[in-house]
K.L.:
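Got a structure for you, questions after.
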Amino acid sequence: MQLNKVRTRFAPSPTGYLHVGGARTALFNYLFARRNQGSFVLRIEDTDEVRNTADAHDAILDGLRWLGIHWDEGPGIQGEYGPYLQSQRTEIYNKFLSKLQADGKVYEDNGTIRFRVPVSDIVFKDQICGPQEINLRQLGARAWDSDEEKEIEANPDFIIRRPDKSFLFHFVNVVDDITMGITHVLRGEDHLSNTTKHIALFEALGAVPPTFAHIPLILNNDGSKMSKRDAGAGLQWYQDGGFLPEAVSNYLALLGWSPKDDREKLSIEEITGLFDFDHLNRSNARFDLEKCTWLNGQYIAALTPEKFLAHASHFAPGAPHSALALTQPRIQRFTEINEWLSPILDDEYPLEEKAASKVTDKLKDTSLLLDLAKHLAQATAWKEAEIKQAISETAQQHQVKPGALMLPLRVTATGTAQGTDLMPTLEIIGKDATIKRIQKRIATLFPNQA
């Protein structure tokens, strides 16, 4: 390993889906490594045999790949410092425990192994939260007894190995960072309280601690803590919900990082080029699903026609490409495609009540629509120019502007007042189907005149 080479890591537990907070942590470590021409390591903290699942393990890896986060070392990419699953590293942990035992820095307590916390203050500088100075012996000298409902004297020395000889998070996390040469740790602010314990272990093992940067938490838009049940909390929700990975990674980057200007839509290359501690925010991020959805719409609108159709076809299999293409400027998520396609492709699409009211408020009787249907029927080629000509002739006949016919035509042809561009929409519906729809809906709009 090169000296001073930046090495970051993401260390999820395969006990559940990948939360957006975890995805952001992975992204930030990935970006920092790329910004500094370093390496990004993925290791799996799978020591909880009861809660671990293979499905969760696979979902984490699939989610990271979907976001475009590619690890340099980790599952499937063996490097010099593996294995990368904690369940396969017990021999390494035992070796480091033996060192602490030989130095008298741990002791046995009713089957557990406790680490002797130092007497002196532990001082370190967090790159985001600033200088920290904590005395673990004083901090852990008291604890809350729920049975007695009062504070009691407590042992400040913390457990690093259970009676069943399984190791706790604090110890294995530090040993892994040492043996994998991790130089920088970017993680959620909720881990800040653990860092003092970790630094004490680093120093007890004769190792230099990595540089720490604790990222502000992600809160809901109302300031409440984000729950696993909240919409958009899990990465799988975006994978299934018609989002582009580029848009999601862009939005996640904005949760705690800023380019220091007004830009919101940035490529991963642009973000990487600016990703450093100076651009990380100090305050908690507010998660705004509407903004994320809007940003996704910006990415969809910018796709080439070929790329758009490749994505869209997965959500509306069998739909004509010409119809799919009309939805591109309208949707913010690919799951919305069928809402826009139904009025075009479904001859039985119901006449929307509000749309019908808009037509009957404008027209007193069926004459304009009946004449429009006649002129449309005379079109020899069902193309935009001929359709517009039929509209123009009808408008002249009734002494109105052609624009006055657009809403009645759209509503009777599609059943809705809002939709894709009208002329190409009518081309896709077809001449005969358009006329039949108009005639059918005339009868619905004016039942007493039909």
Side-chain angles (χ1 to χ4, degrees), residues 1 7-16 18 22 25-26 29 39-54 56-57 60-61 71 73-75 78-103 105-109 111-118 122 124 136 140 156-188 190-212 214:
M1 177 169 39
R7 288 174 61 82
T8 65
R9 48 80 167 173
F10 177 54
S13 299
T15 56
L18 183 58
T25 297
N29 280 279
S39 296
F40 171 64
V41 178
L42 175 63
R43 69 171 187 247
I44 306 297
E45 296 187 347
D46 63 340
T47 55
D48 191 340
E49 295 182 3
V50 175
R51 298 175 61 215
N52 291 339
T53 69
H57 175 276
I60 290 170
L61 270 60
W71 49 97
E73 302 169 31
Q78 291 304 316
E80 186 179 349
Y81 306 98
Y84 297 94
L85 275 66
Q86 285 186 342
S87 59
Q88 300 173 5
R89 297 174 61 82
T90 303
E91 185 177 341
I92 298 172
Y93 304 143
N94 284 331
K95 176 183 175 182
F96 277 79
L97 176 60
S98 296
K99 176 175 174 56
L100 292 178
Q101 290 171 326
D103 293 340
K105 295 179 178 178
V106 295
Y107 61 92
E108 188 173 349
D109 178 18
T112 68
I113 300 293
R114 286 185 180 269
F115 172 72
R116 298 182 191 276
V117 301
I122 294 175
F124 70 97
L136 284 171
D157 299 332
F158 57 89
I159 297 171
I160 62 172
R161 195 181 75 174
R162 303 180 183 90
D164 64 0
K165 301 189 184 305
S166 62
F167 291 96
L168 272 73
F169 160 77
H170 301 298
F171 181 67
V172 296
N173 188 275
V174 168
V175 171
D176 287 345
D177 282 348
I178 292 172
T179 56
M180 294 181 182
I182 301 303
T183 63
H184 294 76
V185 174
L186 289 78
R187 59 187 179 186
D190 51 331
H191 282 289
L192 183 61
S193 60
N194 295 328
T195 304
T196 311
K197 295 178 180 180
H198 294 179
I199 288 178
L201 283 167
F202 276 109
E203 293 177 347
L205 291 166
V208 177
T211 298
F212 287 97
H214 286 85

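One-based numbering along the sequence shown.
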K.L.:
Donor-acceptor pair, distance only, cut-off 3.5 Å: does the side chain of Arg116 make one with the backbone of Tyr107?
P.N.:
no

K.L.:
Of all the heavy-atom pairs spanning Pro75 and Ile44, show the shortest one and how long it is.
P.N.:
CG-CG1, 3.8 Å

K.L.:
Which heavy atom in Pro12 sits nearest to a heavy atom in Arg43, and how many Å separate them?
P.N.:
CD-O, 3.2 Å

K.L.:
So how far is it from Leu100 CG to Phe171 CZ, rounded to the nearest 0.5 Å?
P.N.:
5.5 Å

K.L.:
For the residue pair Glu80 and Tyr84, what are the closest heavy atoms and their distance?
P.N.:
N-OH, 3.9 Å

K.L.:
Which distance, rounded to the nearest 0.5 Å, do you find between the OG1 of Thr8 and the CD1 of Ile182?
P.N.:
6.5 Å

K.L.:
For a quick test of reading the model, state the closest non-hydrogen atom pair linking Pro210 to Phe202 and the distance between them.
P.N.:
CD-CZ, 3.3 Å

K.L.:
Does any non-hydrogen side-chain atom of Leu61 lie less than 4.5 Å from one of Leu42?
P.N.:
yes

K.L.:
Using the side-chain contact (heavy atoms from CB on, under 4.5 Å) rule, take Tyr81 and Val41 through it: C-alpha gap first, then chi angles, then the decisive distance, then the call.
P.N.:
CA-CA 10 Å; Tyr81 306 98; Val41 178; over 6 Å; no

K.L.:
Looking at Arg162 and Thr112, would you say the former's side chain and the latter's main chain have a donor-acceptor pair under 3.5 Å?
P.N.:
no

K.L.:
Taking the inter-plane angle between the rings of Phe115 and Phe158 on a 0 to 90° scale, is it parallel (under 30°), tilted (30 to 60°) or perpendicular (over 60°)?
P.N.:
tilted

K.L.:
Could you grab the distance from atom OG1 of Thr90 to atom NZ of Lys165, nearest 0.5 Å is fine?
P.N.:
12.0 Å

K.L.:
Nearest heavy-atom pair of Leu186 and Asn29: which atoms, and what distance?
P.N.:
O-ND2, 2.8 Å

K.L.:
Could you tell me if the side chain of Ser98 sits less than 4.5 Å from the side chain of Lys95, heavy atoms only?
P.N.:
no

K.L.:
Show your reasoning for whether side-chain contact (heavy atoms from CB on, under 4.5 Å) applies to Val174 and Lys197.
P.N.:
CA-CA 10 Å; Val174 168; Lys197 295 178 180 180; over 6 Å; no

K.L.:
Just so I know, are the side chains of Phe124 and Thr196 near enough to count as touching, which here means a heavy-atom distance under 4.5 Å?
P.N.:
yes

K.L.:
Between Asp46 (side chain only) and Ser87 (backbone N and O only), is there a donor and an acceptor less than 3.5 Å apart?
P.N.:
yes

K.L.:
Do the charged groups of Asp157 and Lys105 touch, with an N to O distance under 4.0 Å?
P.N.:
no

K.L.:
Nearest 0.5 angstrom please: Arg161 CZ to Leu168 CG, how far?
P.N.:
11.0 Å

K.L.:
For residues Pro83 and Leu85, determine if any side-chain heavy atom of one lies less than 4.5 Å from a side-chain heavy atom of the other.
P.N.:
no

K.L.:
Determine whether Leu136 and Pro156 make a side-chain contact, defined as any pair of heavy atoms from C-beta on separated by less than 4.5 Å.
P.N.:
no

K.L.:
Side chains of Trp71 and Arg9: does their closest heavy-atom pair fall under 4.5 Å?
P.N.:
no

K.L.:
Phe167 versus Leu97: any side-chain heavy-atom pair under 4.5 Å?
P.N.:
yes

K.L.:
Carefully, step by step, assess Tyr93 and Gln86 under the rule side-chain contact (heavy atoms from CB on, under 4.5 Å).
P.N.:
CA-CA 9 Å; Tyr93 304 143; Gln86 285 186 342; 3.2 Å; yes

K.L.:
For Arg51 and Ser13, which I'm curious about, is there any donor-acceptor pair between the side chains at under 3.5 Å?
P.N.:
no

K.L.:
So do His170 and Asn194 actually touch side chain to side chain, heavy atoms under 4.5 Å?
P.N.:
yes

K.L.:
Would you compute the distance between atom CG of Asp177 and atom CG of Leu201 and round it to the nearest 0.5 angstrom?
P.N.:
11.0 Å

K.L.:
Rounded to the nearest 0.5 Å, what separation is found between the NE2 atom of His214 and the CG atom of Leu192?
P.N.:
5.0 Å

K.L.:
What's the shortest heavy-atom distance between Ile122 and Pro118, and which atoms?
P.N.:
CD1-CG, 3.9 Å

K.L.:
For a quick check under 3.5 Å, do Arg7 and His184 share a side-chain donor-acceptor pair by atom type?
P.N.:
no

K.L.:
Determine whether Thr47 and Phe169 satisfy the following criterion, side-chain contact (heavy atoms from CB on, under 4.5 Å), listing intermediate values before the conclusion.
P.N.:
CA-CA 9 Å; Thr47 55; Phe169 160 77; over 6 Å; no

